[in-house]
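Shown next, in structure tokens, is the structure this report addresses.
Letters A, B, ... mirror the listed sequences (proteins, then strands); counts begin at 1.
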Amino acid sequence: MDKKPYDPSEIEEKLYQEWESSGLFEPGEDSDSYSLAIPPPNVTGTLHMGHGFQNAIMDCLIRYHRMSGKNTLWQVGTDHAGIATEMVVERRLNAEGKSKESIGREAFEKEVWDWKKYSGNKITSQLRRLGSSLDWSSERFTLDDEYQHAVQSAFIQLFEDGLIYQGKRLVNWDPVLETSLSDLEVVNKDLTIKIWEIKYQLEDSDQFVTVATTRPETLLGDMALAVNPGDERFSHLIGKNAEIPLCNRLIPIVADDYVDPEFGTGVVKITPGHDFNDYELGKRHGLHLVDETQCGIGTEKEFDPISILSKAVKIIGIAPEKFHGMDRFDARAELLNDLKENDCLIKESEYESTLPYGDRSDQILEPLLTDQWYVDAKTLAKPAIEAVKTKEITFVPANWEKTYFQWMDNIQDWCVSRQLWWGHRIPIWYDENGQAFAGHSEDDVRAKNTLTGPLTQEEDVLDTWFSSSLWTFATLGWPEKNSKLELFHPTTALVTGFDIIFFWVARMIMMTKYFMKEVPFKEVYITGLIKDENGQKMSKSKGNILDPIDLIDGVSLEELLEKRTEGMMQPQLKEKIIKQTKKQFPDGIDSYGTDALRYTYYSLASPGRDINFDIGRIKGYRNFCNKIWNAFRFIEMQAVNHEYQPTTPKADDFSDWMSQKINQTSINCKTHIRNISL
RNA sequence: AGACCCGUAGCUCAGUUUUGGUUAGAGCGCCGCAUUGACAUUGCGGAGGUCGAUGGUUCGAGUCCAUUCGGGUCUACCA
């Protein structure tokens, strides 16, 4: 017998391989089933503490039920993560002096697939290292042929049922990635920004009105001014025209309740092509261009917003020639200058407001008028709301239901098209007249609609979350009917973070209710966020990221520093991060083993609460593992030394007490696991 | 503007609903002692808490109610 203390790395990996190769994690045929679907991690990503935490919980649940005799399936798979992955590959191309446009769509897709192959195994090997007893025999990827077929089928059915439509509307536009984003991908940041007051001359008069704006360049696309109907200061102006400075265009002054007389100057410029509220107001008043020099009001049908920005957010269209081709912010500076020279700029001041940023690109977004595909979320939401109201699905902890309802009750149609190349290409073909037909392939579309003319396929791809909203049933082979789907759907529980309740959980419920007529899962366990020991969110820019694998296998200081500083968006933070890391982990991080890590997660887990991960805790649990290890070593040694032979159990006080304790412990475990209080 | 969460020992956290009930627990850290044959990733002992504050309900409140302070999150936002 060796004299060494507990050394987890030696035994854990070997044991996992034995488990996996023996088929222990694979499901059987028994109808008494229990199933979980893993929230699919980004295929090119790496595991973070949150993954570690959630997988530890899921593994506990699945192992408990497996050992209780249930037929278990823990579905594993990865997500293609459209924008995130496309960005990474694009950056790599740029580093080589290439761009995605220069190599073309097909070559680019191949690049991404290569990248996926290169980095895709990393995440799965990390999941194995965490000891997660996933069924690897049924691993799925959201861009597998079978999964693609499911996504297409879902899209086609929604299209044919009239729940997906194409529309020209304002979307949140990311000017760097040059794609639309859904409302959820917008991050509103609180900032101190500038606000300017600008003079608009009244028609046939030497009088003017003053308008406040934070985006003066949108003036080039103004279609009206608006005042509150009850505001006596301006009631005489309603119905009159004003001239946009520098633009030689007259715009009507309209009355609308949207205008708050208390705010700014009480007069608002209306730019329906570049602001969501203005768009709605413009629609109400039927704003449209009568000719180049005059905007008019009319019916809602006549509403025709104008856009003065291209997809690269450069000035175009009806704006004066001199601004054409200028970036939005350059145009702003230039325009302010011109306004000043023409005595049209009255005031510049600062005020607290918010600006929309892209969650991936971290750039200021621009509302832009484009053709996009939308899912009728309001219709799909109804059964999804019902499912939670009737307790077909329960949230743990229950207070998340409130958050869920709050969002679902006010849900907006979901923009699902993205102007990217990496993803599920929208299964739509257009005929010569631009009419859209849905189908699995060009042949399919032709056959179904008896079309003979030329067809062109839609260029856009689908929002990644569209495909992941089908996750629980698409992984089981839907739309083909099969025994697996029968056996394991709905899944029993979902374990995930609150940050994707809207992105994923809500949409899964909507889609699954629609296609399967049942819920995707019966219980949603919402975990808290793993933060650092000071309660700070773990993030690359703060340099406080911990890799669960490093806690398991240990890491040297050099490696840790390398990891925390590579590929940084803000290199100026590098020194600070190095200093702080050196201080916290002067000798790197010890190897603690998977069991100690998971035990730490369990001990810190409390439904719905964020976790401040304290490195001290894991040390304690490693020592606890060591204790158990040595206790067994001791027993083994004594058994050998004393040539112990098992005999029939004798009734005595001590063993009665022991078995009673063991029984009670087992009952406690059952209760706690049922309540997911680990 | 609305909704939600947190505040308990020096630090990180249990305990708070279902069920209010004697001296409020754990790990780490700290102090003291012990110990080289399962284990120093050790053993034994100890100090340390106005349970954020105020008021209320109650025989009894960390736990229930109201108010309030501090920290955080989400959703929606007016030029």
Side-chain angles (χ1 to χ4, degrees), chain A residues 1-8 183-184 186-188 190 193 195-198 210-216 218-219 222 225-228 256 258-271 274-278 281 351-356 397-412 498-499 501-502 526 528-529 531-537 590-593 596 599-600 602-641 675 677-678:
Chain A
M1 189 189 293
D2 63 1
K3 295 256 162 154
K4 277 181 296 184
Y6 177 55
D7 180 7
D183 300 344
L184 289 175
V186 179
V187 181
N188 290 304
D190 290 317
I193 58 173
I195 184 164
W196 291 271
E197 289 186 9
I198 298 166
T210 310
V211 170
T213 181
T214 55
R215 294 192 297 153
T218 62
L219 160 159
D222 278 353
L225 296 182
V227 297
N228 189 286
D256 197 287
Y258 158 70
V259 182
D260 175 3
E262 303 294 316
F263 191 88
T265 61
V267 186
V268 191
K269 60 191 269 321
I270 301 299
T271 320
H274 298 279
D275 183 281
F276 291 99
N277 291 308
D278 291 6
L281 190 146
Y351 104 116
E352 304 291 317
S353 189
T354 56
L355 288 180
N399 52 295
W400 287 108
E401 287 168 14
K402 235 175 175 169
T403 310
Y404 174 81
F405 289 134
Q406 196 179 311
W407 189 68
M408 291 295 264
D409 288 340
N410 299 302
I411 197 162
Q412 302 297 312
F498 64 85
D499 49 334
I501 289 181
F502 305 140
I526 301 291
L529 215 61
K531 300 180 177 172
D532 75 5
E533 70 280 8
N534 300 315
Q536 295 285 313
K537 225 178 194 167
D590 249 4
S591 155
Y592 296 108
Y599 212 104
T600 311
Y602 297 143
S603 73
L604 293 171
S606 177
R609 272 202 57 165
D610 285 352
I611 288 169
N612 296 355
F613 192 89
D614 179 15
I615 194 95
R617 296 287 294 246
I618 194 171
K619 207 171 169 184
Y621 289 116
R622 179 190 55 178
N623 296 354
F624 177 71
C625 288
N626 182 51
K627 180 104 298 202
I628 291 175
W629 175 259
N630 280 301
F632 275 93
R633 231 151 63 90
F634 179 64
I635 291 167
E636 193 184 2
M637 196 166 89
Q638 295 307 316
V640 171
N641 284 354
N675 297 334
S677 90
L678 311 170

inquiry  = In this structure, how many angstroms lie between the P atom of U41(B) and the CG atom of D590(A), rounded?
reply    = 10 Å
Base-pairing mate for A66(B) - Watson-Crick or G-U, with both contacts under 3.5 Å = U54(B)
message = Could you check whether any side-chain heavy atom of F263(A) comes within less than 4.5 Å of a side-chain heavy atom of V268(A), counting everything from C-beta outward?
response = no
request  = Scan every strand shown for a Watson-Crick or G-U wobble partner of U42(B), both distances under 3.5 Å, and answer none if you come up empty.
outcome  = A34(B)
remark   = For U23(B), the nucleotide meeting Watson-Crick or G-U wobble distances (both under 3.5 Å) is none
Interatomic distance, I615(A) CD1 vs C13(B) P [rounded to whole Å] = 14 Å
message = Between U16(B) and C65(B), how far apart are the two C1' atoms, rounded to whole Å?
response = 14 Å
query = In the strands shown, is A14(B) matched to any nucleotide by a Watson-Crick or G-U wobble pair with both distances under 3.5 Å, and which?
reply = none
inquiry  = Using the P atom as the point on both nucleotides, what is the distance between G15(B) and A26(B), in whole Å?
reply    = 15 Å
ask   = With rounding to whole Å, what would you report as the distance between U36(B) and G43(B) at their C1' atoms?
value = 14 Å
note = Among U12(B), C74(B), C78(B), the one nearest any side-chain atom of Y351(A) is C78(B)
query = On a whole-Å scale, what distance lies between the C1' atoms belonging to G25(B) and A14(B)?
reply = 7 Å
message = For a quick check of understanding: with a heavy-atom distance under 4.0 Å over all strands, which category does F502(A) fall into, base, sugar-phosphate or nothing?
response = sugar-phosphate
inquiry  = Rounded to whole Å, how long is the line connecting atom NZ of K402(A) with atom P of U17(B)?
reply    = 18 Å
request  = Output the single nucleotide from A79(B), C78(B), C13(B) whose closest atom is nearest the side chain of T214(A).
outcome  = A79(B)
query = To the nearest angstrom, how far is N399(A) atom CG from U75(B) atom P?
reply = 16 Å
note = Side-chain contact check for R622(A): nearest option of A79(B), U41(B), G2(B) is U41(B)
D190(A), nearest nucleotide to its side chain (from A3(B), U41(B), C77(B)) = C77(B)
